[in-house]
Each structure stands twice: as C-alpha cells, then as structure tokens.
S.K.: 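Here it is, the structure, as structure tokens.
Throughout, a chain's letter reflects where its sequence line sits, starting with A, and its residues are numbered from 1. Quick caveat: nothing in here was measured; it's all calculated off a predicted structure.
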Amino acid sequence: MATPPLTDDIRARTVKRQRPDGSHYQSLSLADALDLARRTGGHIRALEIEALKLKVLPERYARNTQTLSLTDQQTLAESCAGIVGAGGLGGTVAEVLARIGVGRLRLIDGDCFEEHNLNRQRFAHTGNLGQSKARSGKMQIDLINPAVEVVDLAVYLDASNADELIGDADVVIDCLDQLDARLVLQQACRHRKVPLVSAAVAGTSGQLTVIFPQDAGLESLIGDIEADETRGVETRLGNLPFAVSTLASLEAAEAVKILLGQDGLLRNRLLIFDLAEPYFEIIDLA
Amino acid sequence: MQIQLKLFATLRALTPDNADSYPIAPGTTVGDIVAHLEIPVKEAKLIFINGIRKPLDTPLVDGDRLGIFPPVGGG
C-alpha cells in the first residue's frame with residue numbers, strides 16, 4: 001500500500017529533540033503543523049492527530065510527556081469536553097484543557113463580561129467588557145492553541161436546550177454559578193450518559209466531586225432548593241481568584257483523568273478546601 | 001468528652017475559641033451543636049464526621065472530628 005502523502009510530509013518536517021532528562025522524541029513545530037494543515041486544507045487538529053499516530057509529538061506538548069504518553073495525547077486530541085459556564089471556573093478550565101491538548105471544547109455561557117468579573121475570570125480583560133464570555137473565550141483559546149476546535153455557544157443552559165448544548169461531549173465540566181442550573185445540567189448528563197465534574201466556590205473555600213450517570217449525584221449535596229435559594233453563601237463572601245483557579249485546576253485534572261480512562265476519580269467523594277488556613281479534606285459521600 | 005469542630009465559609013465566624021477541644025455531653029447530636037452555636041439549620045448543608053458525610057441527628061462520640069459547610073454555588 002502506498003504511503004499517504006501527508007505521512008511523508010509530516011515525517012519530512014519531523015525533528016529529533018532532547019528532553020531535559022536526556023531522552024529523545026520526534027517533534028513537529030507549530031509553524032510546520034500550521035503550514036501542512038494549510039497546504040492540505042484540513043484543520044491543524046486533524047494534522048496533529050496524524051502526527052501523533054506516527055509517534056511524532058507536536059512540540060507544544062513536549063512538557064506534557066512523559067507524564068502523558070503519545071497515546072494519551074492522541075486520546076485527548078480526539079476528545080471533546082463540554083464546559084458549562086465561561087466565567088471564573090470555566091475560563092481557567094478551558095485554558096487548562098486547551099493547553100494540555102483536549103481537541104474539542106464546547107464553551108457554553110450566555111453571559112457577557114462585567115467589571116466585577118475582572119478579579120478572577122480568566123478571559124475577562126479591560127478590552128472585552130460587555131462582550132460574550134463564550135465568544136471571548138474562543139478567541140483567546142484560538143491564540144493559545146489553534147489545534148483546539150472551540151464551539152462557542154453564547155446561550156444560557158436550561159432544561160429545554162441542555163442536551164443539545166452538551167452535544168457529543170465525552171465529559172462535561174460544571175462551571176455554573178446557580179444551584180438549580182447545576183441540577184438541570186446533571187439531569188442532561190445522565191440522559192446523555194456523560195460523566196460530570198462539578199465544583200462550587202465561595203470566598204476562599206471550594207468543593208469538587210465527579211458524578212457518573214449512575215451515581216447518587218448532586219441532589220443530596222444541594223438538597224431541596226427553594227426559589228430564593230438558587231445561590232450559596234458566595235453572595236455574601238464573594239469569590240477570591242486563588243480559590244477559583246485552584247478549584248478550576250482540580251476540575252480540569254478530573255476531566256483529563258476521565259478522558260484518559262484513569263482511576264483515582266473523586267466519585268462518591270467530595271474534595272473540600274479552605275485556602276484561608278489552608279485546609280484540604282476528601283469526604284466520603286457514600 | 002470532646003470533639004474537634006471545624007466550620008467553613010460564612011460559618012467560620014461562629015467558630016468557638018475552644019473548637020479544637022470542644023466539650024460535649026454524652027448523647028449530644030450534631031443538631032444540638034448547630035442549635036447551640038446558633039447556626040441556621042439551612043446553613044448546615046454539608047455535615048461530615050471523621051471524613052464521612054452524616055445527617056444532622058447523628059450522635060457524637062469522644063474524639064470525633066465534626067465539619068460543617070454552608071451551601072456554596074459560586075463559579
């Protein structure tokens with residue numbers, strides 16, 4: 001069988017590089033990947049997946065290895081994560097997943113940036129106040145990693161559109177700020193049989209858990225919600241940026257482990273922390 | 001009997017000075033402590049003893065580590 005031209009092109013651009021530990025790997029630069037993608041008319045994500053199949057590593061992922069294998073990197077590139085909320089948690093979750101190499105992101109948020117978002121929301125800056133969080137996030141991720149295909153969905157998730165918004169995501173990350181919307185999202189994830197990473201923050205403290213479709217889930221944590229109780233004590237404490245980014249990184253870590261089929265997930269467990277002390281504990285929810 | 005008491009987020013402000021060795025009478029439940037500290041029951045959303053989530057009516061024993069978290073929902 002003849003070798004596809006793309007394979008030859010990728011091999012021709014491949015360079016042998018050395019890691020800090022002295023080991024070697026086959027590397028493809030961003031400039032070469034972009035050039036090859038442009039010449040073949042495909043997306044750079046597809047080009048990088050072809051490279052990974054040839055055991056060629058896009059150079060931007062050099063420091064992901066060897067904690068991640070080339071196969072892991074390919075799995076991530078072929079995966080899709082749904083990020084519901086593109087504010088404090090969602091902005092950092094999206095950035096971390098883009099940098100580690102999750103190939104497709106569905107960034108869902110109907111809100112626009114306001115000045116009081118600037119203390120903690122990754123994609124908020126003085127130049128995009130008033131603009132869509134989802135669209136702004138997509139524009140910034142395109143600059144961070146053009147091999148990530150971002151679908152920006154500038155709508156609020158509700159019971160009528162949740163299934164459609166989640167789409168074909170392999171994992172969903174709850175970055176919402178309303179308790180009742182979290183339950184709607186969980187229902188949609190159960191329906192679509194997708195694992196959910198859920199987290200909530202208030203002040204310097206946070207909570208995080210992982211919910212598979214068959215798991216007990218958020219009802220027992222959130223309880224019965226009355227109309228005037230759709231938010232927690234963050235309405236009084238605010239949200240400090242280091243608590244938000246810590247929690248977002250923990251969410252991203254769980255999402256990546258789910259995509260890679262790894263053990264050690266926070267299923268039926270709740271990680272809690274308060275960075276004021278600092279204090280971390282994992283609670284058994286069973 | 002004594003327990004270790006840990007209150008989170010908005011409840012931190014209600015933490016007694018002797019929280020690390022908080023004296024309790026035999027038969028005291030989590031609910032008794034919540035009432036004594038004047039924590040609104042709705043704010044005692046997540047209760048855990050020795051790292052395991054428990055209901056409000058759980059009796060406490062000597063040496064228990066009790067944690068109480070109010071509802072949090074920020075993103």
S.K.: Would you say CZ of A:R135 has more than 12 non-hydrogen atoms from neighbouring residues, nucleotides or ligands within 6.0 angstrom?
M.R.: no

S.K.: Got a second to check how far B:F69's CZ is from A:E281's CD, nearest 0.5 Å?
M.R.: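 Answer for the CZ-CD pair, B:F69 versus A:E281, is 10.5 Å.
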
S.K.: If I measure from the heavy atoms of chain B, does A:R182 come under 4.5 Å with its side chain, its backbone, both, or neither?
M.R.: side chain

S.K.: Which bit of A:L285 is near chain B, if near means a heavy-atom gap under 4.5 Å: side chain, backbone, both or neither?
M.R.: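 Contact with chain B is through both the backbone and side chain of A:L285.
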
S.K.: To the nearest 0.5 Å, what is the distance between CZ on B:F48 and CD1 on A:I283?
M.R.: 3.5 Å

S.K.: Any donor-acceptor pair under 3.5 Å linking the side chain of A:E234 with the backbone of B:G73?
M.R.: yes

S.K.: Can you tell if the side chain of B:K45 reaches within under 4.5 Å of the side chain of A:L221, non-hydrogen atoms only?
M.R.: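 B:K45 does not reach A:L221 side chain to side chain.
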
S.K.: Mind checking whether A:R269 and B:R53 have side chains closer than 4.5 Å, heavy atoms only?
M.R.: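 The answer is no; the side chains never approach within 4.5 Å.
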
S.K.: Shorter than 4.5 Å, heavy atoms on both sides: which option in A:N239, A:D174, A:T235, A:D274 has the most such pairs with chain B?
M.R.: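 The option with the most such pairs is A:D274.
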
S.K.: Relative to chain B, which of A:I272, A:I282, A:T204, A:V244 shows the most heavy atom pairs under 4.5 Å?
M.R.: A:I272

S.K.: Looking only at atom types and distance, does a side-chain atom of A:R120 sit under 3.5 Å from a main-chain N or O of B:G75, one as donor and one as acceptor?
M.R.: no

S.K.: Starting from the C-alpha separation in whole Å, work towards a yes-or-no answer on side-chain contact (heavy atoms from CB on, under 4.5 Å) for B:L46 and A:L270.
M.R.: CA-CA 10 Å; B:L46 174 71; A:L270 184 75; 3.3 Å; yes

S.K.: For B:K6, is it the side chain, the backbone, both or neither that has a heavy atom under 4.5 Å from a heavy atom of chain A?
M.R.: side chain

S.K.: Does a sphere of radius 6.0 Å around CD in A:E115 hold more than 12 heavy atoms from other residues, nucleotides or ligands, not counting ones at 6.0 Å or beyond?
M.R.: no

S.K.: Applying side-chain contact (heavy atoms from CB on, under 4.5 Å) to A:V233 and B:V72, what does each step give before you reach the verdict?
M.R.: CA-CA 5 Å; A:V233 297; B:V72 298; 3.9 Å; yes

S.K.: More than 12 heavy atoms of other residues, nucleotides or ligands under 6.0 Å from NE2 of B:H36: is that the case?
M.R.: no

S.K.: What do you reckon, is CD of A:Q262 surrounded by more than 12 foreign heavy atoms closer than 6.0 Å?
M.R.: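 Atom CD in A:Q262 is crowded, with more than 12 foreign heavy atoms closer than 6.0 Å.
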
